[in-house]
**Student:** 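First the structure, which I've put down as structure tokens, then a few questions once you've had a look.
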Amino acid sequence: MKSRHVTFAILLLVLGLALAGCGGDDDESSGTTAAATEASAGDTGSDTSGGGATTLNGSVGPGFDISLDGTDGITAGDYTLVVNDQSTAHNFHLTGPGGVDVSTEVSEEGEKTFDVTLVAGEYKFQCDPHASSMNGSFTVG
């Protein structure tokens, strides 16, 4: 009987961790503007890259979730956008002032890194096939 309680407790713990990872706020996202030079996927999402640029972390999938972290109080400057694309049904597409227009491919999964330069203004990110429900924005001051 004791092993049944332990098994139940482990199941609850795993379920709680899984649910915690499913959330996401699509309205607040981080910004990345891109005098976009696509870089090879390298940085795993630390606060700064080796070159000193601040890292923004984007995520799309595996469900209908899209998010961008690191945009609260963001100011103009150079950034590294690291996107974790977890679905071949979605992409992550960032657009905004200064000619920023970077995206992952819908048919590909994996981590992709972009070097971008943000200027003041409103930036938007979305999944192109599901833009009406999978989107977000942020403002660079």
Side-chain angles (χ1 to χ4, degrees), residues 2-141:
K2 186 174 183 176
S3 67
R4 191 178 294 174
H5 290 287
V6 171
T7 302
F8 184 71
I10 291 172
L11 178 63
L12 286 177
L13 177 63
V14 170
L15 181 61
L17 291 173
L19 290 174
C22 290
D25 187 347
D26 294 348
D27 293 329
E28 282 190 24
S29 294
S30 81
T32 318
T33 17
T37 305
E38 185 178 320
S40 64
D43 192 20
T44 57
S46 60
D47 290 336
T48 60
S49 68
T54 300
T55 299
L56 303 171
N57 295 297
S59 180
V60 62
F64 284 83
D65 293 319
I66 190 167
S67 65
L68 183 56
D69 297 328
T71 58
D72 290 343
I74 195 167
T75 59
D78 293 331
Y79 292 84
T80 299
L81 170 62
V82 179
V83 177
N84 183 9
D85 189 334
Q86 303 174 58
S87 174
T88 58
H90 304 300
N91 75 328
F92 188 99
H93 188 179
L94 175 69
T95 58
V100 173
D101 189 355
V102 297
S103 63
T104 62
E105 294 293 325
V106 173
S107 62
E108 296 179 9
E109 287 183 10
E111 187 175 279
K112 194 118 180 170
T113 302
F114 303 92
D115 291 328
V116 296
T117 299
L118 299 176
V119 298
E122 175 97 8
Y123 291 84
K124 297 181 184 211
F125 60 93
Q126 67 184 30
C127 166
D128 292 328
H130 308 102
S132 65
S133 61
M134 293 178 68
N135 59 70
S137 64
F138 62 94
T139 301
V140 173

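Keep in mind that what you see is a predicted model, and the values were worked out from it rather than measured. What you see below is based on every heavy atom in this structure, not just the backbone, and it leaves out hydrogens, waters and symmetry mates.
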**Student:** Any donor and acceptor pair, going by atom type alone, linking the side chain of Asp85 with main-chain N or O of Gly110 inside 3.5 Å?
**Tutor:**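 No, Asp85 side chain to Gly110 backbone: no donor-acceptor pair under 3.5 Å.
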**Student:** I want to check something: taking the side chain as every heavy atom from C-beta on, are Phe114 and Thr80 in contact at a cut-off of under 4.5 Å?
**Tutor:**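 Not in contact.
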**Student:** Output all residues satisfying side-chain hydrogen bond (donor to acceptor under 3.5 Å, both in side chains) with Glu108, sequence neighbours left out; order by chain, then residue number.
**Tutor:** none
**Student:** Apply the test side chain to side chain contact (heavy atoms under 4.5 Å, CB included) to residues Lys124 and Leu94: give CA-CA distance (whole Å), side-chain angles for both, the deciding distance (0.1 Å), then the verdict.
**Tutor:** CA-CA 6 Å; Lys124 297 181 184 211; Leu94 175 69; over 6 Å; no
**Student:** Quick one about His93 and Asp101 (side-chain donor to acceptor, distance below 3.5 Å, no hydrogens or angles considered), yes or no?
**Tutor:**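 Yes.
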**Student:** Hey, does Leu81 have a side-chain heavy atom less than 4.5 Å from the side chain of Val102?
**Tutor:**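 Answer yes - side chains close enough.
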**Student:** Looking at Val106 and Pro129, what are the two nearest heavy atoms and their distance?
**Tutor:** CG2-CG, 3.8 Å
**Student:** Strictly by modelled atom types, are Asp78 and Thr117 linked by a side-chain donor-acceptor pair under 3.5 Å?
**Tutor:** yes
**Student:** Thr88: what forms a side chain to side chain contact (heavy atoms under 4.5 Å, CB included) with it, not counting sequence neighbours?
**Tutor:**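 Glu109.
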**Student:** Closest heavy-atom contact between Gln86 and Ser59?
**Tutor:**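 Closest approach of Gln86 to Ser59: NE2-OG, 3.0 Å.
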**Student:** I need the Cys127 SG to Phe92 CZ distance, nearest 0.5 Å.
**Tutor:** 10.5 Å
**Student:** Return the CD1 to OG distance between Ile66 and Ser87, rounded to the nearest 0.5 Å.
**Tutor:** 11.0 Å
**Student:** Go through the side-chain N and O atoms of Asn57 and Asp69 and say whether any donor and acceptor fall under 3.5 Å apart.
**Tutor:**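 No pair is found: no donor N or O on one side chain lies under 3.5 Å from an acceptor on the other.
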**Student:** Applying side chain to side chain contact (heavy atoms under 4.5 Å, CB included), run through Val82 and Glu111 and close with a yes or a no.
**Tutor:** CA-CA 7 Å; Val82 179; Glu111 187 175 279; 3.6 Å; yes
**Student:** Checking the side chain of Thr95 only, and the main-chain atoms of Val100 only, is there a donor and an acceptor separated by less than 3.5 Å?
**Tutor:**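 Here the side-chain-to-backbone pair does not exist.
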**Student:** Any side-chain heavy atom of Asn91 sitting closer than 4.5 Å to one from Glu105?
**Tutor:**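 No, their side chains stay 4.5 Å or more apart.
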**Student:** Might you point out which heavy atoms bring Ala120 and Ala76 nearest each other, and give the distance in Å?
**Tutor:**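 So the minimum-distance heavy-atom pair works out to N-CB, 4.3 Å.
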**Student:** Main chain of Ala131, side chain of Asn135: is a donor-acceptor contact present, judged purely on distance under 3.5 Å?
**Tutor:** yes
**Student:** Can you find a heavy atom in the side chain of Glu122 that is under 4.5 Å from one in the side chain of Pro97?
**Tutor:**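 A side-chain contact is absent here, since even the closest heavy-atom pair is not under 4.5 Å.
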**Student:** Give a yes or no on whether the backbone of Ser107 and the side-chain of His90 come within a donor-acceptor separation of less than 3.5 Å.
**Tutor:**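 Between the backbone of Ser107 and the side chain of His90 there is no qualifying donor-acceptor contact (under 3.5 Å).
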